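The structure under discussion appears below in the form of structure tokens.
Keep in mind that this is a model prediction, so the values were computed, not measured. Letters A, B, ... mirror the listed sequences (proteins, then strands); counts begin at 1.
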4 protein chains.
Amino acid sequence: MNKNKNSKRRQELVAIAARLFCDQGYETTTVRTLAAEMGIQSGSLFHHFKDKQEILFAVIESGMLHAMEIARQALYEAKTPEARLYALAQAHLSTLLQDRDAHVVAIYEWRSLSDLSRAHLVELRDAYESIWREVIYECQQAGLVPDDQGLRRRLALGALNWTVQWYRPDGPLRPEDLAQTLVDMLLGRTAVAAVLPSA
Amino acid sequence: MNKNKNSKRRQELVAIAARLFCDQGYETTTVRTLAAEMGIQSGSLFHHFKDKQEILFAVIESGMLHAMEIARQALYEAKTPEARLYALAQAHLSTLLQDRDAHVVAIYEWRSLSDLSRAHLVELRDAYESIWREVIYECQQAGLVPDDQGLRRRLALGALNWTVQWYRPDGPLRPEDLAQTLVDMLLGRTAVAAVLPSA
Amino acid sequence: MNKNKNSKRRQELVAIAARLFCDQGYETTTVRTLAAEMGIQSGSLFHHFKDKQEILFAVIESGMLHAMEIARQALYEAKTPEARLYALAQAHLSTLLQDRDAHVVAIYEWRSLSDLSRAHLVELRDAYESIWREVIYECQQAGLVPDDQGLRRRLALGALNWTVQWYRPDGPLRPEDLAQTLVDMLLGRTAVAAVLPSA
Amino acid sequence: MNKNKNSKRRQELVAIAARLFCDQGYETTTVRTLAAEMGIQSGSLFHHFKDKQEILFAVIESGMLHAMEIARQALYEAKTPEARLYALAQAHLSTLLQDRDAHVVAIYEWRSLSDLSRAHLVELRDAYESIWREVIYECQQAGLVPDDQGLRRRLALGALNWTVQWYRPDGPLRPEDLAQTLVDMLLGRTAVAAVLPSA
DNA sequence: AATGAATGAGGTTTCATTCAT
DNA sequence: CATGAATGAAACCTCATTCAT
């Protein structure tokens, strides 16, 4: 089995698997279909991945790692608490769009992970959420949002995650609008001059 | 096959199926497991349902019908726009908790429905969402929220739906708190006296 | 799965499996081949047996149970120590011939049994060998064979078991001759009037 | 492919294969396992052997050639018929112990040989058995055993072969005891002063 | 309504073998 | 001699579904 986990080839295969798992679901996607879409024989799949299950893990992990990376980059440039919250929301939407397949799979197929895989990914997820926790805490300290027991944060993240269910990048809404409206809701603004002024 | 779709027996079977589909997923739950939990043999299942797929349909339909019913009852008693919005949010949470299995299945297994089943359920869902659309429109008319192109509504509903991922009824948060915070966010309030005032 | 372990049907299937395992080996015999020879589909096999492995167990167990039964019957009628030894040898040869398939499989495929199955069959085998131990002990007590540390018994049993490698029932040798020669060797006789005087 | 069939390297590989085939069985031992134990990659195996099957042949052939060699050496020094019989039995046990892996494989995996391989090995086996035939004939001529149609020879050889099933070199029995008891049984003696005189 | 044996297509995975490097 | 990715056939087993009883 090919142990080079970051090889270009492997990343391609993971991306293809992400698309198929997203479109058809993990259980419904057969390894034969996976292989066919990858342009190899079904037996060859198992040189790259131990298991069908390991493919699922690789897909979800790749999405999470990318989310983390984008979030860190976004925060690197933003200075004020509000700007950081906005940047984080936009980064979240950004990876939700760029790596949509992987994130949809993460949501839908979480259950199909092995216990071990899940434990590893829970760590990644916790690390990501702690970034959000921190940024919102900064907003609180700045008096932008008077209190938070994590409830608003959770609702806001949920609202964002749920966008994969209905948001289409080719529709009239821009990601920036989503991010702005969400920040407004989080900070308790009525969003007077909100989205789509020209519509 | 039992054509009496609302029989007590059938409702029991649907509830059992909902639980299993929720816990294990539709694809992973075998007809034999379903039958075993129902106390019958696998062959007998097909006297009640044409298909495995029809069981899935019945599960999701039951959740949606119940959601609609609860929403209508809640609105029946609420008069002001804000009260109606609050009532609707609470009704949504209420069915999300009462019929959690069915709603989780609806979210996760939507893809596994046949085209015909899905089309029928889309109608139900549209009917339900039009209730939300209407109530928020009333709020706009009352000047509570200056504009809305559906974005806030969608974000709010998404936030609510996502609660099935993390909300636990036996935790410290009461459903009323969730509903209140959500209404605050929707209406652009800073939620000064927010959650858990008595705790 | 059909739990009626002694059903006529099951015994037929076991006999067929014994033949195939004997001819081709356990690993080499596919479940499809098994099913084809049984006149059913490969999937149907698993109504009768949980596993391919369980079929192997059933084959070997059947041979052992039959061996025990025949030995007990033979001893039931034999009175003197020597007669009992002779009866036992002949019973051994008898089951070796009647249930040749099963016994060959027992010898060759012992390794392919699961640990659990093997443990159960070891008990059966021990019970059978204790019969031999007892009968030879009677011979010693009668002064027919002066000593035995189990060595002669083991060599004799080994000689008998090995007959499945070369003995053919349609050849010139009669089972009685085998049994007689073996008893002679065990008791230290020169077998003056030995086999096939007319050949 | 390495044509030097007697190279030191090749003999090492054959010995490793013998051990694995003996422990796990031919069918169950994968080419990858073989290669891993040999410290090479699976693809490299096929530089040394054409086939997996050829490895099996090499294993069994090596055992047989060694058996023949030891037997010839033993007979070279023994003069009287009885001494020669004893020497042969001991040589047989000797190779059974020294080359146990190969001989166990010969017994168990005979079936897995290709027809061609088997034919070649049958010749070797016949050559070996003719040695036994000859030595026993000498005993008959010397009046040590009055007659033999091959039956006693076969039983005795079977008893010896079967020892691989139960004999452990680290147990209390010495190979000489086995050989002596066997000769006694063959020659029809009661083995008064038999095994373990010193124990 | 219920049973449960039987189906048969299709699932994941293994494995001996090849071949370009 | 050695590698290791790729092959592709075939292995065991599962499972929704049917049907005679």
Revision key, fill the gap. Assign each of A:Ser42 and B:Gly43 the nucleotide of DNA chain F bearing its closest heavy atom; nearer the 5' end lies the nucleotide of A:Ser42

Point to revise | Whole-Å gap separating C1' (E:dT14) and CZ (A:Phe49) | key: 18 Å

Review point. Applying the side-chain contact (heavy atoms from CB on, under 4.5 Å) test to B:Ser114, which of B:Gln53, B:Glu54, B:His120 qualifies?
Key: B:Gln53

**Study point:** C:Met38 CE - E:dA6 C1' separation (whole Å)
**Key:** 15 Å

Review point. In whole angstroms, how far is the P atom of F:dG8 from the NE2 atom of A:His47?
Key: 12 Å

Study note, to complete from the structure: The nucleotide from E:dT13, F:dC1, F:dA16 with an atom nearest the side chain of B:Arg32 is F:dA16

Exercise for review: Mind calculating the distance between CG (D:Leu45) and P (F:dG4) to the nearest angstrom?
Suggested key: 14 Å

Check your understanding: Do B:His103 and B:Tyr108 pass the side chain to side chain contact (heavy atoms under 4.5 Å, CB included) test, and can you show the C-alpha distance, the side-chain angles, and the key distance before you say yes or no?
Key -> CA-CA 9 Å; B:His103 292 307; B:Tyr108 277 71; over 6 Å; no

Review point. Within the pair D:His48 and F:dA2, is there a side-chain N or O less than 4.0 Å away from OP1 or OP2?
Key: yes

Review point. Paired with F:dA10 by Watson-Crick or G-U wobble geometry, both distances under 3.5 Å: which nucleotide is it?
Key: E:dT13

Review point. How many Å lie between CG on A:Leu13 and C1' on F:dA5, as a whole number?
Key: 12 Å

Exercise for review: Mind listing the closest non-hydrogen atom pair of A:Ser62 and A:Val14 along with its distance?
Suggested key: OG-CG1, 4.0 Å

Exercise for review: Compare side-chain N and O positions of A:Ser44 against OP1 and OP2 of F:dT7 and report whether any pair is under 4.0 Å apart.
Suggested key: yes

Review point. For E:dA1, what is the paired nucleotide under Watson-Crick or G-U wobble rules, both distances under 3.5 Å?
Key: none

Practice item. Using a strict cut-off of less than 4.0 Å between a Lys/Arg side-chain nitrogen and an Asp/Glu carboxylate oxygen, indicate whether C:Arg111 and D:Glu109 qualify as a salt bridge. Key: yes

Exercise for review: Using the P atom as the reference point in each nucleotide, state the distance between F:dT21 and E:dA1 in Å, no decimals.
Suggested key: 23 Å

Exercise for review: Starting from the 5' end of DNA chain F, give me the residue, C:Thr29 or D:Gln41, whose nearest nucleotide shows up first.
Suggested key: D:Gln41

Check your understanding: Checking D:Lys52 against D:Tyr26: charged group under 6.0 Å from the ring centre and within 45 degrees of the axis?
Key -> yes

Practice item. Measure the distance from CG on B:Leu34 to P on F:dC15 and round it to the nearest whole Å. Key: 12 Å

Review point. Just how far, in rounded Å, is C1' of F:dT3 from CZ of D:Phe46?
Key: 13 Å

Check your understanding: Taking for each residue the nucleotide of DNA chain E with the nearest heavy atom, is it C:Ile40 or A:Thr30 whose nucleotide lies nearer the 5' end?
Key -> C:Ile40

**Study point:** Value in whole Å for how far the P atom of E:dA1 lies from CZ of B:Arg9
**Key:** 10 Å

Practice item. Hey, which sits more toward the 5' end of DNA chain E by its nearest nucleotide, C:Gly39 or A:Tyr26? Key: C:Gly39

Check your understanding: With both distances under 3.5 Å as the test, what is the Watson-Crick or G-U wobble partner of E:dT21?
Key -> F:dA2

